[in-house]
Amino acid sequence: MIGRLNHVAVAVPDLDKATAVYRDILGAKVSAPLAQPAHGVTVVFVELPNTKIELLLPMGDQSPIKAFLERNPAGGIHHLCYEVNDILAARDALKAKGLRVLGNGEPKIGAHDMPVLFLHPKDLNGCLVELQQI
Ligand code: CO
């Protein structure tokens, strides 16, 4: 069912500072900041050989990251994203096994222009999980 780890998303209170740590101290390749108003975030992609880290800064008062940062002022892991081949088939199979899909259950177009869904963290050991179709 789930495939590769597509990315780990980390909410950060200071995007420039977080980017500098990954670039200058950890020696990773980082992207320029990318504003994604539809998702209420500005994102920097950290490219690793086997996956990506997405540094998320909230954008606007409705940002889903805002409340998370209020609870975790230093930042923290916000979600894990796993790849699936067929997001609707994955959704239906997981729902049939009792997992809850957030929102209206319909995939949205995610940061990589592919359909995504989020699964309830209470069903997955406290981890918010994103599924992304590849
Ligand atoms: Co994500």
Side-chain angles (χ1 to χ4, degrees):
M1 160 78 70
I2 62 170
R4 287 161 36 104
L5 175 68
N6 184 272
H7 60 269
V8 176
V10 178
V12 302
D14 182 329
L15 193 56
D16 290 340
K17 214 167 151 181
T19 303
V21 168
Y22 273 89
R23 184 188 55 225
D24 302 336
I25 298 178
L26 297 177
K29 187 176 170 203
V30 301
S31 76
L34 181 66
Q36 301 193 310
H39 296 279
V41 291
T42 302
V43 186
V44 165
F45 299 101
V46 179
E47 288 178 34
L48 304 181
N50 62 341
T51 191
K52 292 183 288 290
I53 309 298
E54 294 187 4
L55 305 176
L56 305 179
L57 182 74
M59 176 192 283
D61 279 350
Q62 301 305 312
S63 173
I65 308 298
K66 191 169 175 269
F68 180 89
L69 273 180
E70 282 164 7
R71 291 193 304 273
N72 305 276
I77 294 178
H78 184 262
H79 64 266
L80 306 176
C81 178
Y82 303 122
E83 296 177 352
V84 293
N85 290 321
D86 180 336
I87 200 160
L88 295 178
R91 175 196 65 188
D92 294 344
L94 294 171
K95 277 175 76 174
K97 290 177 181 170
L99 296 199
R100 286 168 285 179
V101 177
L102 298 188
N104 65 6
E106 293 305 316
K108 288 188 178 155
I109 297 303
H112 305 284
D113 294 326
M114 298 299 285
V116 300
L117 281 173
F118 285 90
L119 302 174
H120 203 298
K122 286 194 174 153
D123 297 335
L124 292 163
N125 307 101
C127 294
L128 177 61
V129 167
E130 178 179 23
L131 299 178
Q132 180 181 303
Q133 184 165 292
I134 53 163

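Given the structure is predicted, the values throughout are model-derived calculations rather than measurements.
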Hydrophobic cluster (4.5 angstrom, side-chain heavy atoms) - remaining members for Phe68: none

Any side-chain heavy-atom pair from Thr51 and Val8 closer than 4.5 angstrom? no

Once ring-ring contact (aromatic ring centres under 6.0 Å, His included) is applied, do any residues pair with His39, and if so which ones, sequence neighbours excluded? none

Qualifying residues under side chain to side chain contact (heavy atoms under 4.5 Å, CB included), relative to Lys108, sequence neighbours excluded: none

How close do Pro73 and Pro13 get, counting heavy atoms only, and between which atoms? O-CG, 3.4 Å

Heavy-atom side-chain proximity of Leu99 to His120 below 4.5 angstrom: no

Within the 4.5 Å heavy-atom criterion, are Gln36 and Thr42 side-chain neighbours or not? no

Return the minimal non-hydrogen interatomic distance between Gly40 and Ser63, and the atom names on each side. O-OG, 2.6 Å

Side chain to side chain contact (heavy atoms under 4.5 Å, CB included) against Asn85, all qualifying residues, sequence neighbours excluded: Ile134

Below 4.5 Å, heavy atoms only, C-beta onward: do Leu128 and His78 meet side chain to side chain? yes

What's the separation between atom CG in Leu94 and atom CG in Leu131, rounded to the nearest 0.5 Å? 6.5 Å

Glu130 and His7: side chain donor to acceptor below 3.5 Å: yes

Within a reach of under 6.0 Å around CZ of Arg100, are more than 12 heavy atoms found that belong to other residues, nucleotides or ligands? yes

Gln133 side-chain N/O to Ile87 backbone N/O, donor-acceptor pair under 3.5 Å: yes

Distance-minimising heavy-atom pair for Arg91 and Gly105: NH1-O, 2.9 Å

Cluster membership besides Met59, Ile/Leu/Val/Met/Phe/Trp/Tyr side chains within less than 4.5 angstrom, sorted by chain and number, is none

Looking only at heavy atoms, the pair that brings Val12 and Ala18 closest together is CG1-CB, 3.8 Å

Hey, what do you get for NZ (Lys29) to CD (Glu47), rounding to the nearest 0.5 Å? 4.5 Å

Hydrophobic cluster identity match, Val101 and Val129, side-chain contacts under 4.5 Å: yes

Look at the side-chain heavy atoms of Ile, Leu, Val, Met, Phe, Trp and Tyr, link any pair under 4.5 Å apart, and say whether Tyr82 and Ile109 land in one connected group. no

For Asn125, does the CG atom sit with more than 12 other heavy atoms under 6.0 Å from it, leaving out its own atoms? no

For the OH atom of Tyr22 and the CG atom of Leu48, what is their distance to the nearest 0.5 Å? 8.0 Å

Same cluster (ILVMFWY, side-chain, under 4.5 Å), Val44 and Leu26: yes

Members sharing Val43's hydrophobic cluster (side chains within less than 4.5 Å): Leu34, Val41, Phe45, Leu56, Ile65, Leu69

Any chain of hydrophobic side-chain contacts (each under 4.5 Å) joining Met1 to Leu117? yes

To check you understand the geometry: which heavy-atom pair defines the closest contact between Ile53 and Val10, and what is its length? CG2-CG2, 3.9 Å

What is the distance from atom CG of Leu119 to atom SG of Cys127, rounded to the nearest 0.5 Å? 11.5 Å

If two hydrophobic side chains count as joined below 4.5 Å and joins carry through other members, does Ile77 share a cluster with Val46? yes

